[in-house]
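To keep things clear, I will list the structure first and then write my remarks on it.
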Amino acid sequence: MVKLFEKASFRGVELRNRIVVSPMGMYSAENGYVTPFHLVHYGKFAMGGAGLVFVEQTSVSRKGRITNGDPGLWEDGQIEGMRQVTHLIKSHGAAAAIQINHGGRKSGQQRAFRGNGPLTDRDIEMGEERWTPTGPSDVAFSDGYGTPVPLSLDGLAGVRDAFVAASKRAVLAGFDVIEIHMAHGYLLQSFLSPLANFRTDDYGGSLENRMRFPLEVTRAVRAAIPSSMPLFVRISAVDWIDGGWEIEDSIVFARKLKELGVDLVDCSTGGNLRAGSTNANLTRGPGYQVPFADRIRQEADIATGAVGMIRTPDLAETILQENRADLIFMARQMLFNPFWAHHAAEHFGLTDDFRGWPEQYGWWLTKWGGALRANGESLMEWQRFADAAE
Ligand SMILES: Cc1cc2nc3c(=O)[nH]c(=O)nc-3n(C[C@H](O)[C@H](O)[C@H](O)COP(=O)(O)O)c2cc1C
């Protein structure tokens, strides 16, 4: 049995397979509103056969945006565009997920394709808006970034309420799954990590204190969404910097998340810096973050998602067969090949009739595919066969 194509269930949601299109910011929203670009972009992943399609990190507040191009769910008007996106995704058999976020001390950056750094005067001339970021402490993310204003207790309550309000809007927009972004140096992870949190109140210092605000947000969101709706959390399992957040912290944190009703921990890493530092301990390679998904799954007894340089069907399948994760998240490979899931099914010999492809495409692939199968050839060879048959 190929596990990658086994169904997966989380609360009331069943996924047709274990392939997830990982959240990817496209920096192409207008004032937080999605555009036709997003319909095409997300629709094609659902047509491509993934089980769960993530809409990119979406801001819970205007000033929580990482870039001026981030989508948001901070006002009701933003629901309708997202509803069109979820409708399209679901009409092609995938489930729709959204990642909700507050950028914290990394908010107000350039759109990735315009430099990915702090906004320049030129960006402002081009119409980008600049604002002072907020964070746990008054320590900037890196050189050139704004010094954040530390959140007051009222400020924390406001951010928590914004996560709740955005989650309720995500439910109204038809999403099946919500993921809270607690990775990559954004607001919630910067509370967790000792590299960014220097508070001396109940929200800083000990691990318990640093976990307090992210857990408060989790509890509030869980209480605000239907009990049938899965809640995922993405974490940076390690900071990759000495003295930063470590895997042991992640295991403790994942246990707490589980107690609060979180259904899956999506295990990324990095993205957070101590000023002047780099991710010195990081070496990338295929599946390099899988050991974190594995340990958290075993030691916190919670479902995990593996992500990071998982590009081949065989690697994805091996991770699942070895029980190291429950879902496989893929980002860049999906940009390269949105039909990856269909190709993986073919790789494992699971489709002899292009079942699962959109019927608008599948009928003619089937026409050639049946004959190819009879010849013992791969469906990937359809083009050669079709050419020969013309
Ligand atoms: C264009 C792009 C945008 C991304 N945006 C997000 C995001 O919105 N939220 C997030 O958690 N990760 C984001 N990521 C990280 C991916 O979700 C993923 O964790 C990372 O790319 C590693 O997976 P891969 O090797 O399959 O690309 C982004 C990655 C890319 C390439």
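Since the model is a prediction, treat every value here as computed from it, not as a measurement. We count ligands from 1, going down the list as the structure has it; atoms in each ligand are counted the same way.
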Open item on the list: Measuring from atom 15 (C) of ligand 1, which candidate in R234, Q289, Q99, M24 has the nearest non-hydrogen atom?
Closed with: R234
Open item on the list: Less than 3.5 Å apart, any donor N or O on the side chain of Q84 or Y42 sitting next to an acceptor on the other?
Closed with: no
- [ ] Report the part of H181 (side chain from C-beta onward, or backbone N, CA, C, O) that has a heavy atom under 4.0 Å from ligand 1; answer both or neither where that applies.
- [x] side chain
- [ ] With atom 1 (C) of ligand 1 as the reference point, say which of G305, G25, A331, G270 has the nearest heavy atom.
- [x] G25
Task: Atom indices of ligand 1 within 4.0 angstrom of G308 heavy atoms, with elements - done: 22 (C), 23 (O), 25 (O)
Task: Which residue and heavy atom of the protein sit nearest atom 28 (C) of ligand 1, plus the separation - done: P23 O, 3.7 Å
Open item on the list: Do T147 and D138 pair up side chain to side chain, a donor and an acceptor below 3.5 Å, judged on atom types alone?
Closed with: no
TODO: Identify the residue among E56, Q57, R234 that makes a side chain to side chain donor-acceptor pair (under 3.5 Å) with N101.
DONE: Q57
Open item on the list: How close do W74 and S59 get, counting heavy atoms only, and between which atoms?
Closed with: CE3-O, 3.8 Å
TODO: Give a yes or no on whether a salt bridge exists between R219 and E216, defined as a side-chain N under 4.0 angstrom from a carboxylate O.
DONE: no
- [ ] Just need the protein heavy atom nearest to atom 8 (O) of ligand 1, so name the residue and atom and give the distance.
- [x] Q57 CG, 3.1 Å
Task: Between K3 and N323: side-chain donor-acceptor atoms closer than 3.5 Å - done: yes
Task: For atom 31 (C) of ligand 1, closest protein heavy-atom neighbour - done: R332 CG, 3.4 Å
Task: Polar atom proximity, E56 to ligand 1 (N or O, under 3.5 Å) - done: no
Task: Atoms in ligand 1 flagged as close to V307, the criterion being non-hydrogen separation under 4.0 Å - done: 18 (C), 19 (O), 23 (O)
Open item on the list: With respect to S22, determine whether any N or O atom, backbone or side chain, lies less than 3.5 Å from an N or O atom of ligand 1.
Closed with: yes
Open item on the list: Using every non-hydrogen atom in the two residues, find where H342 and P358 come nearest and quote the distance to one decimal.
Closed with: NE2-CD, 4.2 Å
